[in-house]
Amino acid sequence: MNKETRRLSIIKKRYRQENMFKFSAIFAIIIASSFLVFFLANISKTGYTAIQQTEILTEVTYNDATLKNTYRAVPRELSRLLSRGFLRLIPREVKANPELMGTTVTRWIVANAEVDQYMKEKPNRLKSKQIAIIEKLRAEGKIKKTLNTGFFYNGDSKLPEIAGILSAVVGTIYVMFLTMLFSVPIGVMTAVYLEEFAPDNWFTRTIEVNINNLAAIPSIIFGLLGLAIFINIFGVPRSSALAGGLTLALMTLPVIIITTRTALSSVPDNIRQGAQGVGASPWQVVWHHVLPLSLPGILTGSIIGLAQAMGETAPLLIVGMLAYIPEAPTGITDAATVLPAQIYTWSATSLRAYTERTALGIMVLLSVLLMLNAAAVMIRNKFERKW
Amino acid sequence: MKKFLTLALAIAVMAIGTLTAQAREQIRIVGSSTVYPFASYVAEEFGATTGKPTPVIESTGSGGGHKLFAAGTDLNTPDITNSSRRMKTKEFDKNMAIGNKKIVEIVIGYDGIAIAFNKANPDLNLTRKDLLLAVAAEVPVNGKLVANPYKRWNEINPALPAKPILVYGPPTSSGTRDAFEELVMEKASKKLAGYGKKKYSKIRQDGIYVPAGENDNLIVQKLAKDKNALGIFGYSFLEENSDRIKGAMVDGVKPIPANISSGKYPVSRSLFFYVKVDHLKKVPGLAEYVDMFLSEQMIGTNGLLKDIGLIPLPDADRTAVRTRWTKRQPLTKADLEHK
Amino acid sequence: MEKNIKMKSEALNFYYGDFHALKDINLTFPEKHVTALIGPSGCGKSTYLRCFNRMNDLIKDIKVEGGIYLDSQEIHDPKLDVVELRRRVGMVFQKPNPFPKTIYENIAYAPRIHGLVSKGSEMDDLVESSLIKAGLFDEVKDRLKSQASALSGGQQQRLCIARALAMEPEVLLMDEPASALDPIATQKIEELIYELKERLTVIIVTHNMQQAARVSDYTAFFYMGELVEVGDTSTIFTNPTVKKTEDYITGRFG
Amino acid sequence: MLKVLLYFFIGVLPLCYMAFYLGRKKARTGELESGERFHSRPAQYGWYTVIWMAVPSLVISFIFTILGSSKIFAVPYSMHISTLLVLAAGGLWFSLKNIGSDLKARNFIENTIKVMLVTASLVSIITTIGIVISILFESMKFFSHVNFFDFITGTKWSPDTAFLEGAGRDGSSASKPEFGSVPIFAGTFMVTLIALFVAVPIGLLSAIFMSEYATPKMRGLAKPILEILAGIPTVVYGFFAAITVSPLVVQTAEMLGFEADYTNALSPGLVMGIMIIPFVSSLSDDVINAIPQNLREGSLALGMTRSETMKHVIIPAALPGIISAVLLALSRAIGETMIVVMAAGLRPNLTWNPLEGMTTVTVRIVDALTGDQSFDSLETLSAFGLAFVLLMVTLILNIVSSVVIRKFRKQYD
């Protein structure tokens with residue numbers, strides 16, 4: 001009986017441990033998810049205000065005095081509340097539309113960042129006199145917050161109110177295009193060689209070990225490589241999309257090779273044998289059978305590799321993409337910046353009006369990355385074949 | 001068949017031909033992170049108001065900028081390098097050797113180095129000697145140099161508050177650190193017998209001087225919160241955060257533009273940029289960009305750059321710089337050697 | 001002759017999702033006898049075997065109807081603890097699956113965690129006796145501290161049996177215990193089963209007709225999830241009543 | 001000159017098409033006229049012609065371009081073009097002449113393809129060589145001034161004199177610069193350690209949850225959540241660490257009566273820990289699933305609870321795999337740059353207190369390479385010395401981890 005009670009107590013204790021263990025496993029996953037929720041909520045909370053931008057309704061006078069000093073175009077008390085991004089363009093506006101000369105137009109104009117910060121109830125450096133003016137405008141309905149479309153069609157700017165992500169987005173597209181152009185064919189070819197053709201000798205093994213090691217090398221070291229090889233030796237222009245794309249391509253290469261190899265090796269051998277049995281040459285076996293069958297896997301791997309490269313910043317800092325580039329690049333050797341680098345530049349600015357824009361930029365980047373990853377998962381689920 | 005061949009050849013040749021017509025359209029600028037905000041501001045104005053391509057400005061640091069600048073004469077090298085210090089003779093020699101014979105040196109203004117702290121504190125008046133003794137690795141005690149024992153300001157100077165010393169300053173890689181060491185520490189140590197009237201510029205590493213980036217949001221937060229901490233920063237930093245922090249007086253002089261500009265405020269340095277004269281013809285807009293930078297609207301006493309923290313040069317100096325520019329007067333080694 | 005019934009199933013139905021894997025099985029297992037379950041692949045005999053220590057609980061989306069009794073206690077009874085059930089109903093699998101530990105630890109593991117022994121010396125005795133029961137002791141007595149993976153396949157399987165025996169179970173379930181082994185190892189396992197029935201009840205699933213004939217006292221023939229016929233092994237193999245059983249035993253299908 | 005290469009692609013494509021057309025036509029008419037079947041299909045003769053025409057000229061063009069842009073020897077433009085055209089025409093003429101019934105065009109193509117595949121796989125080797133060269137050369141310059149042993153074991157990082165020279169001032173009065181990298185590596189390991197403290201338990205338990213306790217539905221939910229964590233760019237984590245976590249840590253520390261720097265090691269460590277959770281969890285998930293099912297059944301059949309099975313059987317069996325997962329996560333954390341650049345400090349600090357500011361290897365590299373110093377100053381070069389050691393450390397970690405995992409796989413394959 002004594003033995004029996006002891007056994008029962010042991011069982012009880014064991015079940016307690018079992019529950020503890022289960023609970024801690026669930027707890028771990030809850031921590032991870034709640035971090036994600038907290039993180040996303042925090043970024044959204046910081047960034048959502050940047051979706052709106054303050055505008056002021058004012059009269060703009062076009063005359064000779066205006067052209068001399070554009071601050072005179074608007075009522076005196078407003079001249080320091082409006083964005084210089086608009087005022088400095090007046091001479092060009094007049095040049096394009098000479099009939100404006102001598103007229104006065106009433107229109108909504110982007111306010112400067114301090115006013116914007118005030119309207120969003122955030123810290124600002126306005127003086128009490130200026131606040132009184134804004135309050136008066138508010139009472140008259142001459143100040144409002146509208147959708148900040150400029151964020152999407154402007155490039156970077158030193159004036160937070162007109163700073164946008166267009167140039168960074170275009171730069172990202174260029175860089176990603178180049179990364180894809182170099183890394184996908186070379187990666188797939190390497191994988192095909194290693195998986196389908198390579199004999200098992202020291203050469204192949206060296207390559208394999210090498211690829212595994214490349215996958216583990218810190219990204220910043222790829223930046224040093226890009227700087228030393230592409231820029232200093234091959235003379236690729238600094239901060240160009242080409243320099244960034246090449247550097248990221250080398251970084252992405254191992255990812256693509258490894259995923260492609262997995263995809264290739266999952267094609268069963270009897271397909272290869274079947275094709276060889278009807279007289280296909282080794283290359284034809286690969287080209288006609290193995291590659292088409294492993295295409296979804298290759299595609300998924302490439303997308304994941306590119307999504308990774310898209311969020312990468314450190315190597316790009318070293319090859320000079322941390323630059324002030326307000327205009328979208330028009331060629332691959334033009335200076336370009338990418339979204340993560342833009343986010344970094346803005347986050348390092350002490351002007352607080354950039355904080356919300358940084359967060360909004362992050363939201364844009366995250367949505368793109370999430371979509372890419374979702375696409376990869378969809379391709380995987382839709383075409384995945386169990387052999 | 002022959003026709004087809006000629007056609008294909010023609011296409012090939014044409015495609016190759018287009019590349020020679022490609023010339024660079026954008027102005028390329030590299031260099032100091034201190035000059036970067038001013039240069040990019042001008043660049044943006046330049047792009048917006050003239051409709052020409054906006055110059056590309058990369059913040060590489062002064063040293064990196066001079067390296068890229070002196071890398072060659074061709075259009076793959078930058079047209080302008082910004083610098084928070086003067087070009088070194090070594091760098092000048094490199095330029096001469098590589099073929100950049102004509103370089104114009106342009107001073108755009110001053111950067112005051114402010115000793116900033118939380119706005120809630122009463123005003124503070126520090127001497128350079130106070131600052132030296134606060135941050136030096138070794139201080140003279142009874143005629144001998146010993147590891148810096150000071151933990152509170154009043155231990156250095158009874159007139160100062162009895163608060164712990166905590167200074168956030170630039171890291172060794174920064175030009176601001178260079179200026180601080182030269183203008184504060186070396187100047188003060190030369191007058192002190194304890195240092196043997198020699199220049200001394202070694203900064204303590206026991207956690208009282210904390211190296212920190214210049215544009216770091218975390219440091220503003222720290223100063224905004226910690227009433228004891230001081231920060232050594234460029235004046236523009238103080239200007240941008242003037243709602244939260246203010247600057248200490250150094251040797252009784254306030255860090256305000258008028259004092260810095262007139263040279264009364266002792267801790268300030270000049271900001272430069274260097275232009276390759278040979279590129280003026282090849283890169284469209286380069287001359288206009290420099291013209292705009294030197295205009296009264298930008299670097300004048302009430303210029304736009306003053307709003308973001310540049311201290312304008314005195315009138316006479318501005319005129320001198322403009323003359324040098326309009327004459328495209330090249331920099332000589334003698335200019336650099338003479339201080 | 002009256003026999004004590006150790007385990008039985010009553011009107012047992014088993015479903016994998018929509019698939020009806022076992023259909024209305026009624027079967028009894030007499031104490032200290034060997035019962036063999038035979039039948040073609042996919043007939044449900046392994047599934048049936050795994051019902052007795054509720055190994056099927058691991059599989060998602062299953063449904064069990066009817067009852068299984070161990071000494072007249074329903075094993076799905078919430079009062080009965082599955083851990084305790086498995087201690088009493090041991091199991092040996094098709095492929096030997098020793099833990100990546102030493103031989104000693106493989107056997108000591110279960111008794112220790114179930115609290116069957118309290119002293120170190122008792123444990124040594126238990127390990128030794130289990131190994132002796134499994135007929136493995138002489139082969140491994142000098143290397144109890146070496147890794148179990150160093151043993152041959154047949155030795156590993158006997159180690160797994162010893163591991164099960166160390167819990168002193170009342171029933172031992174064997175799922176094709178010799179199918180991955182060579183003939184000599186198989187013979188040893190069969191001899192072992194023969195000895196085991198002196199101590200406990202054995203239920204064995206096998207593909208090998210001769211093996212069933214050699215080791216078992218009773219044989220049950222399964223086909224397509226149904227129990228076709230059950231009886232004395234000698235009867236089933238010499239004089240089956242159902243045509244299908246005869247066809248299977250004589251090798252006409254399966 | 002780089003553009004030569006790019007535009008040549010546009011020019012070369014129509015030429016290739018023409019060559020293909022000519023080759024195929026020659027083979028077709030050849031077959032018709034002679035009435036015998038050629039060794040290969042006509043299209044393969046077309047490809048044969050294309051290879052002969054395009055490959056030599058492309059290779060030469062590539063070499064010329066590299067020579068030109070790396071300033072070894074600038075091939076004059078006219079010479080470049082004429083060489084290309086002569087080569088292309090020569091190749092075309094040669095291949096067309098060769099086409100005949102017994103020319104094995106298919107084998108030729110396949111061999112060419114194989115050569116191309118080998119060349120592609122050489123890129124990875126070249127990359128490695130490039131990395132080693134690019135770091136080794138500059139770090140050699142550094143180590144010729146600073147003793148490697150002093151660099152590895154020194155506990156004081158004060159590059160003062162190097163800085164003076166780098167800034168162009170007279171450094172004779174200051175003391176010798178010291179480049180002891182221990183405080184910097186200590187900072188790196190502190191941040192990494194904090195990250196592992198976060199990531200290993202959470203990652204491992206998450207993997208256990210997913211492989212052991214989760215219903216398929218919960219698994220389908222939990223897995224993407226972890227994958228999203230891996231997909232967030234590091235610059236975003238950095239922003240989050242600097243803007244949100246750091247002030248939170250300082251506030252919490254103050255509440256508890258401690259003092260924390262804003263650039264403390266804890267905040268980047270915590271955030272980095274979150275970042276590497278997926279590395280630990282997904283690899284652990286893999287190895288736990290790689291443990292044969294019968295081992296699990298064996299344990300359960302002995303009356304083990306799930307947690308006992310996990311703790312006593314599965315985890316010990318999966319341990320090598322888990323260790324290698326942790327090592328990989330570790331090397332990822334050591335090399336991580338943006339989070340520490342944005343949230344950790346610049347102060348070389350040898351301390352056990354994670355609330356103090358610290359600096360890390362990657363921070364120093366970025367800081368030295370983007371600072372105001374002259375490019376040949378010792379401090380700038382120290383970036384390469386640090387990168388060299390960083391590279392070695394990550395390589396060793398990776399090699400150890402892959403050896404461990406290979407042993408593990410061998411055991412269960």
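The basis for the numbers below is simple: all heavy atoms, side chains too, and nothing from hydrogens, waters or symmetry mates. In this text the structure is predicted, and so the values were computed from the model without any measurement. A, B, ... follow the sequence lines: proteins, then strands. Residue 1 opens every chain.
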Any D/Phe239 side-chain heavy atom under 4.5 Å of A/Ile43 side chain: yes

Pairwise distance CD1(A/Ile186) to CG(D/Leu117) - rounded to 0.5 angstrom: 12.0 Å

Would you give me the side-chain donor-acceptor pairs under 3.5 Å for residues 306-319 of chain A, sequence neighbours excluded?
| unit_1 | atom_1 | unit_2 | atom_2 | d |
| --- | --- | --- | --- | --- |
| A/Glu312 | OE2 | A/Ser219 | OG | 3.2 |

Taking every non-hydrogen atom, the tightest pair across D/Leu226 and A/Ala32: CD2-CB, 3.9 Å

Residues D/Ser402 and A/Asn212: side-chain donor-acceptor under 3.5 angstrom: no

Closest-packed option against chain A by number of heavy-atom pairs under 4.5 Å, given D/Leu328, D/Ile277, D/Val118: D/Val118

Proximity breakdown for A/Leu253 and chain D, heavy-atom pairs closer than 4.5 Å: side chain

Contact origin within A/Ala215 toward chain D - heavy atom pairs under 4.5 Å: backbone

Atom pair CD1/CE of A/Ile343 and D/Met338 - distance to nearest 0.5 Å: 10.0 Å

Chain D interface, residue from A/Leu369, A/Leu250, A/Thr206, A/Ile229 that has the most non-hydrogen pairs under 4.5 Å: A/Leu250

Contact leader toward chain D among A/Glu18, A/Gln17, A/Met189, where contacts are heavy-atom pairs under 4.5 Å: A/Glu18

Test item: D/Thr234 and A/Tyr344 side chains (from C-beta on) under 4.5 Å apart, heavy atoms: no

Inter-residue atom distance D/Ile228.CD1 - A/Asn373.CG, 0.5 Å rounding: 8.0 Å

For chain A, the option from D/Glu212, D/Glu227, D/Lys311 that forms the most heavy-atom pairs under 4.5 Å: D/Lys311

Residue pair D/Ser124 / A/Ile207: nearest heavy atoms and the distance that separates them: OG-CG2, 3.9 Å

Contact check, side chains of D/Pro233 and A/Leu366, non-hydrogen atoms, under 4.5 Å: yes

Crowding at NZ, D/Lys223 (>12 non-hydrogen neighbours, <6.0 Å): yes

Nearest non-hydrogen partners of A/Ile29 and D/Ser206, listed with the distance: CD1-CB, 3.6 Å

Side chains of D/Thr128 and A/Asn213 in contact at under 4.5 Å (non-hydrogen atoms): no

Flag if over 12 foreign heavy atoms under 6.0 Å of CE, D/Met218: yes

Heavy-atom proximity to chain D below 4.5 Å, by part of A/Leu365: side chain

For A/Ala216 against D/Thr394, the heavy-atom pair lying closest together: O-CB, 4.2 Å

Candidate pair D/Ile131 and A/Leu214, rule side-chain contact (heavy atoms from CB on, under 4.5 Å), full reasoning: CA-CA 10 Å; D/Ile131 285 177; A/Leu214 278 184; 4.0 Å; yes

Heavy-atom contact with chain D under 4.5 Å, split by part of A/Phe222: side chain

Heavy-atom neighbours of A/Phe23 CZ exceed 12 at 6.0 Å: no

Residue A/Phe203 excluded, over 12 heavy atoms near CZ under 6.0 Å: yes

Euclidean distance, A/Leu225 CG relative to D/Leu391 CG, rounded to 0.5 Å: 10.5 Å

Options D/Leu221, D/Leu397, D/Leu205, D/Thr337, ranked by heavy-atom pairs under 4.5 Å with chain A, top entry: D/Leu205

Minimum side-chain heavy-atom gap D/Val123-A/Phe182 below 4.5 Å: no

Distance in Å, D/Ile113 CD1 paired with A/Phe197 CZ, rounded so as to fall on 0.5 Å steps: 7.5 Å

Residue D/Met392 excluded, over 12 heavy atoms near CE under 6.0 Å: yes

Contacting region of D/Phe384 [heavy-atom separation from chain A under 4.5 Å]: side chain

Side chains of A/Leu227 and D/Ser134 in contact at under 4.5 Å (non-hydrogen atoms): no

Passing candidate, side-chain contact (heavy atoms from CB on, under 4.5 Å) with A/Phe39, options D/Val271, D/Thr244, D/Val236, D/Val245: D/Val236

Contact origin within A/Ile211 toward chain D - heavy atom pairs under 4.5 Å: side chain

Neighbour count >12 (heavy atoms, 6.0 Å) for atom CH2, A/Trp283: yes

Aromatic plane relationship, A/Phe35 with D/Phe240 - under 30° parallel, 30 to 60° tilted, over 60° perpendicular: perpendicular

Side-chain heavy-atom pair A/Val377, D/Pro224 within 4.5 angstrom cut-off: no

Most chain A-contacting option - heavy-atom pairs closer than 4.5 Å, from D/Val198, D/Thr362, D/Ile135: D/Ile135

Check: A/Asn42 and D/Ile243 side chains under 4.5 Å, non-hydrogen atoms: no

Atom group of D/Arg332 that falls short of 4.5 Å from chain A, counting heavy atoms: side chain

Under 4.5 Å from any heavy atom of chain A - which part of D/Ile202: both

Spacing of CD1 belonging to D/Ile232 relative to CG belonging to A/Leu370, to within rounding of 0.5 Å: 8.0 Å

